[in-house]
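These notes concern the structure reproduced below.
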Amino acid sequence: MENKKRDSFTGKLGFVLAAAGSAVGLGNIWRFPYLAAKYGGGIFLLVYLCLIVSFGFALMIGEIALGRKTGLSAIGAFKKLNSKYAFIGYLAAIVPAIILPYYSVIGGWVLKYLSVFVSGFGSAAASDAFFGGFITSAMEPVNWFFIFITVTAVIVVFGVQKGIESVSKVMMPVLVGLSIVIAGYSVCMPGALEGVLYYILPDFSKFSISTVLGAMGQMFYSMSLAMGIMITYGSYMKKDVSIESSVKQIEWFDTGVAFLAGLMIVPATYAFSGGDPAALGKGPSLMFVALPKIFDTMWMGHIIGVAFFVLVLLAALTSSISLMETVVSILCDKMKINRILSCVIVYLFSLGFGLVSCFGYSIWADITVIGMQFLDFFDFASNSVIMPVVALLTCIFIGYVIKPKAVVEEIELTGKFKREKLFTVMIKYVAPVLVVLILLTSVLEAFGVFRI
């Protein structure tokens, strides 16, 4: 009875847009352009694309199939297929619970910058002290965080069709449209051509193991893998929708937005920095320090700044919605409570932990965990440690416990699985090795032992 009463997407379009919205997040906008510039531009793009259609495809299709096969979110899905491995679901559930609060804090930062540009004070945001002054203030980041997490919760309360799917059908086309417009403006700027060529033309002399590791890490984090999201969304997927073709479309959506983000940012940065990739900054410094400076010197920079932060806000919201929905779905399945109560619990939990991340830059700035501010530590623990562990265990579970045939049978409900051999080889042999490499390099890099 539980599966029959479970909410679902209306069809393939709703599922693809919602799942693509989950995959398209802040990582596409601020992390991808930085890594592409750092690791050789065109050659990074080529390596990234190869990994998306092989490694990423195998992991995503496996997770979605687990969700649809069981009609349950992460904990229930693993438990139903083999109760001894329910612990994988619990580990997966931890990831969005950790990420949602601090991700919403960053979403609040985006709201703040959007308000600044809309108000016509973009030049103020371009000053060196603006970002630091904002995040170190005691209450202003809290206020913006509160607005962002509240908007996310309201959308999730309305459920899969009326909330997530309806919002995704509006936000995703707008997001793509804005990306195309801003990218088109960027590549037409004087001096941008050199950056465009660097970004799209592969230079094999720049290929290295660091290029592969950088692309592999970005692909892994960008596609919402190993955090229960795709299992949850798969559980809302109707049986007559093709998983294989849906995953292809999600991959192209995610990769397309990441590519456009690079096309927005890399050529513009080249034009204003004389071709120095370091000018892009890294992480928050790219979006909240480097880009406002560029917008401030651009013709129509104010308008482009507003459009850009609207774009970033949409990307942040689509991902925060999927993060909250995953935790809400797990609580509904596990505790047998209704959606509204589950949303309230997750909302209050996220408020509490989000405040920790906010205060980590202000009143608790002197307190660190293994040398990291609270937000940075939560990001490291979830993205660099728990997610790779969950991905490795998922590969082992599919490859050697329930066997790939269990996933293949679910996929072939709508026709022949064309990439069955690729999936089987990747999930059993290649993906586990790559995930271990991601885990080792991420941890070693965090402790300064290894640099990519």
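This is a predicted model, so every value here is computed, not measured.
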_My understanding is that only residues two or more places apart in sequence, or in another chain, count here; which of them pass salt bridge (charged side-chain N to carboxylate O under 4.0 Å, His left out) with Lys334?_
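Counting only residues at least two positions away or on another chain, Lys334 forms no salt bridge (charged side-chain N to carboxylate O under 4.0 Å, His left out).
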
*Who passes salt bridge (charged side-chain N to carboxylate O under 4.0 Å, His left out) against Glu325, sequence neighbours left out?*
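Residues passing salt bridge (charged side-chain N to carboxylate O under 4.0 Å, His left out) with Glu325: Arg339.
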
Judged by atom type as modelled, is there a donor-acceptor pair below 3.5 Å linking the side chain of [X] to the main-chain atoms of [Y]?
X      : Y      : value
Thr297 : Ile294 : yes
Ser350 : Val346 : yes
Ser319 : Val24  : yes
Ser54  : Met426 : no
Arg68  : Ile243 : no
Glu140 : Ile135 : no
Tyr199 : Ala37  : no
Ser115 : Lys112 : yes
Thr441 : Ile438 : yes
Gln373 : Gly360 : yes

*Answer with yes or no whether the side chains of Ser235 and Ser73 bring together a donor and an acceptor at under 3.5 Å.*
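No.
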
_Polar contact flag, side-chain donor to acceptor under 3.5 angstrom, Ser329-Tyr236_ =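 On atom types as modelled, these side chains qualify, holding a pair under 3.5 Å.
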
Sequence neighbours left out, what passes ring-ring contact (aromatic ring centres under 6.0 Å, His included) with [X]? Give chain and number order.
X      : value
Trp252 : none
Phe44  : Phe32
Phe130 : Tyr113
Phe158 : none

*Any chance CD1 of Ile340 has more than 12 other-residue heavy atoms, nucleotides or ligands included, within less than 6.0 Å?*
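Incorrect, the count does not exceed 12.
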
Between [X] and [Y], ring centroids under 6.0 Å:
X      : Y      : answer
Phe117 : Phe308 : no
Phe145 : Trp109 : no
Phe374 : Phe359 : no

*How far apart are the C-alpha atoms of Phe9 and Tyr233, what are their side-chain angles, what is the distance that settles it, and do they pass the ring pair (Phe, Tyr, Trp, His ring centres under 6.0 Å) test?*
CA-CA 9 Å; Phe9 294 109; Tyr233 277 17; 5.6 Å; yes

From [X] atom [atom1] to [Y] atom [atom2], the distance as rounded to the nearest 0.5 Å:
X      : Y      : atom1 : atom2 : value
Met219 : Met216 : CE    : CE    : 7.5 Å
Thr152 : Leu100 : OG1   : CG    : 7.0 Å
Tyr185 : Ile304 : OH    : CD1   : 5.5 Å
Ser342 : Met335 : OG    : CE    : 8.0 Å
Leu434 : Leu439 : CG    : CG    : 12.5 Å
Leu213 : Leu440 : CG    : CG    : 10.5 Å

*Go through the steps for Ile229 and Val95 under the test side chain to side chain contact (heavy atoms under 4.5 Å, CB included), then give the verdict.*
CA-CA 10 Å; Ile229 290 175; Val95 177; over 6 Å; no

*Partner residues of Val170 under the side-chain contact (heavy atoms from CB on, under 4.5 Å) criterion, sequence neighbours left out*: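 So Val170 forms no side-chain contact (heavy atoms from CB on, under 4.5 Å) with any residue.
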
_For a side-chain hydrogen bond (donor to acceptor under 3.5 Å, both in side chains) check, start with the C-alpha distance between Lys38 and Ser210, then their side-chain angles and the critical distance, and finish with the verdict._
CA-CA 10 Å; Lys38 181 179 179 180; Ser210 294; over 6 Å; no

_Does anything in residues 312-351 form a ring-ring contact (aromatic ring centres under 6.0 Å, His included)? List the pairs, not counting sequence neighbours._
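Sorted result for residues 312-351: Phe349-Phe353.
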
*Residues Val369, Phe378; criterion side chain to side chain contact (heavy atoms under 4.5 Å, CB included); working and verdict*: CA-CA 9 Å; Val369 183; Phe378 292 145; over 6 Å; no

*What residue among Ser22, Ser222, Ser224 forms side-chain hydrogen bond (donor to acceptor under 3.5 Å, both in side chains) with Asp254?*
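The side-chain hydrogen bond (donor to acceptor under 3.5 Å, both in side chains) with Asp254 is passed solely by Ser222 among Ser22, Ser222, Ser224.
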
If a pair satisfies side chain to side chain donor-acceptor pair (under 3.5 Å) and one of its residues is in [range], list it, with sequence neighbours excluded.
range            : result
residues 117-134 : Ser123-Asp296, Asp128-Lys293
residues 299-318 : none
residues 41-51   : none

*Lys12 and Lys238: CA distance, side-chain angles, deciding distance, side chain to side chain contact (heavy atoms under 4.5 Å, CB included) verdict*: CA-CA 8 Å; Lys12 183 179 180 180; Lys238 292 183 175 180; over 6 Å; no

*asked:* Please determine whether side chain to side chain contact (heavy atoms under 4.5 Å, CB included) holds for the pair Leu59 and Thr394, giving the CA-CA distance in whole Å, both sets of side-chain angles, and the decisive distance to 0.1 Å.
replied: CA-CA 8 Å; Leu59 285 175; Thr394 302; 5.5 Å; no

*What pairs of residues pass the salt bridge (Lys or Arg N to Asp or Glu O under 4.0 Å) test when at least one of them lies in residues 169-182, not counting sequence neighbours?*
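Sorted pair list: Glu165-Lys169.
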
